[in-house]
Structures are given as structure tokens and as C-alpha cells.
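Data block below; observations after.
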Amino acid sequence: MGKSIRTPETDEFCDAILSLESREECYRFFQDVCTVNELVSLSQRFAVAKMLTQKKTYLEIAQKTGASTATISRVNRALVYGSDGYSMVLDRIGGQNQEQRI
């Protein structure tokens with residue numbers, strides 16, 4: 001069994017993220033917390049998850065995002081066997097985007 005991600009430190013980190021009130025605050029916080037490459041990697045994985053849920057092929061995703069097939073496969077495993085975190089967030093922002101268009 002793997003190491004649990006739930007620790008007092010990760011609880012506090014999640015609370016810090018939940019305290020952010022705008023996109024600008026997110027940029028400021030993550031710019032301090034992450035390296036540019038880490039933030040690009042996280043963003044890339046999220047884009048891959050979105051494209052996988054849109055039934056894009058690995059080739060289309062790799063060409064559009066620059067992600068390796070290993071990264072695409074890892075994200076796909078998370079979508080299929082993970083904790084539904086990607087799906088939960090994609091559903092929420094998908095609904096927000098639709099509401100904004102109305």
C-alpha cells in the first residue's frame with residue numbers, strides 16, 4: 001500500500017488553495033509554490049484529462065499538448081481508476097463555462 005497523501009501538511013496546503021479568491025491570486029500563489037516546469041506539467045495533465053474526456057486520441061492529445069504517451073496513459077489511468085478528481089473538476093468548470101455563455 002502506498003504512502004497516504006493525507007497528512008496535516010497536505011490538509012493545510014489544501015486549505016491554502018481553498019482560500020484563494022481569484023485567478024490572479026492562484027497565479028501569485030502557484031508562482032511561489034511551484035517551479036515553472038511543475039506548473040506547466042500540472043496544467044498539461046489537466047489539459048490531457050479534458051481531451052481524454054472529449055474522446056480525443058493519444059496522437060491528437062500528444063500533438064496538441066506536447067505530452068508524452070506515458071503522461072497521457074498516466075492521466076487516463078487516473079480517470080479510469082482514480083478518485084474522480086479530474087471528472088469532478090471538469091464537470092464543475094464545464095457547467096460554469098456553459099452558464100457564462102448563456
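The figures that follow rest on heavy atoms only: side chains count, while hydrogens, waters and symmetry mates do not. Just so you know, these numbers come straight off a predicted model, no measurement behind them.
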Distance, nearest 0.5 Å, that separates CE of M88 from OG of S83: 9.0 Å
Would you say the side-chain atoms of Q31 pair up with the backbone N or O of R28, donor to acceptor, closer than 3.5 Å? no
What distance separates R45 CZ from R74 CZ, expressed to the nearest 0.5 Å? 6.0 Å
Using every non-hydrogen atom in the two residues, find where V48 and I72 come nearest and quote the distance to one decimal. CG1-CA, 3.9 Å
hydrophobic_cluster_shared for L52 and V89, side chain cutoff 4.5 Å: yes
Can you tell me if T53 uses its side chain to pair, donor with acceptor, with the backbone of K50 under 3.5 Å? yes
Within 6.0 angstrom of L18 CG, more than 12 heavy atoms from elsewhere: yes
T65 (side chain) donor-acceptor with I61 (main chain) under 3.5 angstrom: yes
Which residues pass the side chain to side chain contact (heavy atoms under 4.5 Å, CB included) test with T35, not counting sequence neighbours? N37, E38
Hydrogens and angles aside, do S73 and R77 bring a side-chain donor and acceptor to less than 3.5 Å of each other? yes
What is the distance from atom CD of Q54 to atom CD of E60, rounded to the nearest 0.5 Å? 10.0 Å
Apply the hydrophobic cluster definition, ILVMFWY joined by side-chain contacts under 4.5 Å directly or through others, and give me every member besides F30. F13, I17, L20, F29, V33, L39
When rounded to the nearest 0.5 angstrom, what distance separates NZ in K64 from CD in Q44? 13.0 Å
Among residues two or more places apart or on two chains, list those pairs meeting ring pair (Phe, Tyr, Trp, His ring centres under 6.0 Å) that have a residue in residues 51-89. none
Surrounding CD of E12 (heavy atoms of other residues, nucleotides or ligands, distance under 6.0 Å), is the total greater than 12? no
Between the CD atom in E9 and the SG atom in C14, the distance rounded to the nearest 0.5 Å is 12.0 Å
